[in-house]
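Input: a single structure, listed below in structure tokens.
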Amino acid sequence: MRQSNRGVLTASAALVVVSLLAACGSSLYTSTITADSVKLGLLVPQSGVYAPLGTDIRRGFELYLDGRGGQLGNRRVTVVVADEGAEPDTGVPAGQKLIQQSQVAVAVGVVNSATALGLVQQFNAAKVPLIIANAGANALTGAKASAYVWRTSFSNDDAGASMGAYVASRVDSGGVYLIAPDYAAGHEQIAGFRRAFEAAGGHVAGADYPPFGTTSNYQPYLARIQRSGARAVFAFFAGAEAVAFVKQYKEFGLAGTIPLYATGYLTEGAVLRSEGDAAVGIQTALQYSSELDTPTNRAFVSAYTAKYHSSPTVFSVAAYDAAQVLDHALANATTGPEIVAALGRLGDIDSPRGTWRFSATHNPTQRYYLREVREQDRTLVNAVVRTLTN
Ligand code: BEZ
């Protein structure tokens, strides 16, 4: 089967990328924002299980920036790219260096929830705005949200919650088995689903949380699922773990016998290419699909595909929108407090995912879509079945 996404990250003409001087311990930069320039940090995984997500985030950000001639808020942008790696032990120091050594005026990115949670205090204390383009930890934009932390992606319990009643209506009393990696995002993604699923009368047949970042053999978990008598599975995995889980689910003989539901990260972007036919039929909930048939998304998909020879993903859209909100906010703001005040004044954002706006606690208020992996024109896509919630 032909796959829709190909190619590697290409350097952008308009985007000036400066490697993070992680080891040298000194700063080359003292000024981060002037009347006509701004220095911005991009903190994304370039290694580890979430590296493909980092590529998509970088591409989405570059696409918006290139479309503005390398400027945001009429200021020429210099981007310092830092490797988040897979976990907080790499991501937190990389984020600290963006603040302390590179002295960025604002940062974008962060994939891993635990890493983002470890960085909140640093950005808050430095009064440097952090626009999270993925990490979904509920507390990041919960009741105690930080003034300097904003999110253009999602909150971990949202996608699963949007799907709970739907799955409950399709599964009989044998129940649903829950599975996700054992870290903040895994537990929260499952909890969001479980609350809505049980409220709709669903029964949970069992749950497992394999170690995050180190599990490559899911056979013992798949055997437990089989023995449990569950009639369906609900999962959260992303990146390399999503590929391993989906392929082994099919190899073990569960695909086609026990339907697999998930939050959309399981089948999004590069992982779907690697999963291939093993992913066909999986139903997921997410706030985006490249298949959304709207004028804004069609234009976005066409520009993205022309540049990267690859379909955009939910990760690229979150980063594209992070650049978009900064474009507006930086127009009249030169300090951290001014930038966050400007973010608070933004209204509706016209996005490839549909229109959204920041909630009072800095999280997107957005629609979720039911998607199904189908083959279309000999390519695997996340076809949009319908809207789940607004
Ligand atoms: C998270 O850690 O919040 C996360 C990582 C990958 C996909 C979705 C959420």
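Counting convention: from 1, in listed order, for ligands and their atoms alike.
Heavy-atom contacts of L53 reach the following atoms of ligand 1: 6 (C) (cutoff under 4.0 Å). Under a 4.0 Å criterion applied to the non-hydrogen atoms of N134, ligand 1 contributes the atoms 4 (C), 5 (C), 6 (C), 7 (C), 8 (C), 9 (C). Close contacts between ligand 1 and N112 involve ligand atoms 2 (O) [criterion: under 4.0 Å to a heavy atom]. Listed by number with element, the atoms of ligand 1 under 4.0 angstrom from any heavy atom of G136 are 3 (O). Every atom of ligand 1 is numbered from 1 in the order shown, and the set under 4.0 Å from a heavy atom of F236 is 7 (C), 8 (C), 9 (C). For ligand 1, the atoms lying closer than 4.0 Å to a non-hydrogen atom of A135 are 3 (O).
In F237, neither the side chain nor the backbone holds a heavy atom less than 4.0 Å from any atom of ligand 1. Only the side chain of N156 comes within contact range of ligand 1, with a heavy atom under 4.0 Å; no backbone atom does. Of all the heavy atoms of A238, the ones lying under 4.0 Å from any atom of ligand 1 belong exclusively to the side chain.
A ring pair (Phe, Tyr, Trp, His ring centres under 6.0 Å) with F154 is found for exactly one of Y265, Y288, F315, Y368, namely Y265.
Of the N and O atoms on the side chains of T263 and Q189, at least one donor lies less than 3.5 Å from an acceptor on the other residue.
In this structure, R68 CZ and Q324 CD are separated by 7.5 Å, a value rounded to the nearest 0.5 Å.
Of all protein heavy atoms, the one lying nearest to atom 2 (O) of ligand 1 is Y183 OH, 2.5 Å. For atom 3 (O) of ligand 1, the closest non-hydrogen atom of the protein is S113 OG, 2.6 Å.
In this pair, Y50 and Y183 present their aromatic rings tilted. The plane angle is within the 30 to 60° band.
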Audit row: T361, N363, side chain to side chain donor-acceptor pair (under 3.5 Å) steps and yes/no: CA-CA 6 Å; T361 56; N363 200 51; over 6 Å; no
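Remark: the backbone N or O of N134 is paired with a side-chain donor or acceptor of S153 at under 3.5 angstrom.
Under the 6.0 Å cut-off for aromatic ring centres, F234 and F193 qualify, their centroids lying closer than that. Annotation: F358 is in aromatic contact with W356 [ring centroid separation under 6.0 Å].
Ligand 1 has no atom lying under 4.0 Å from any heavy atom of T115.
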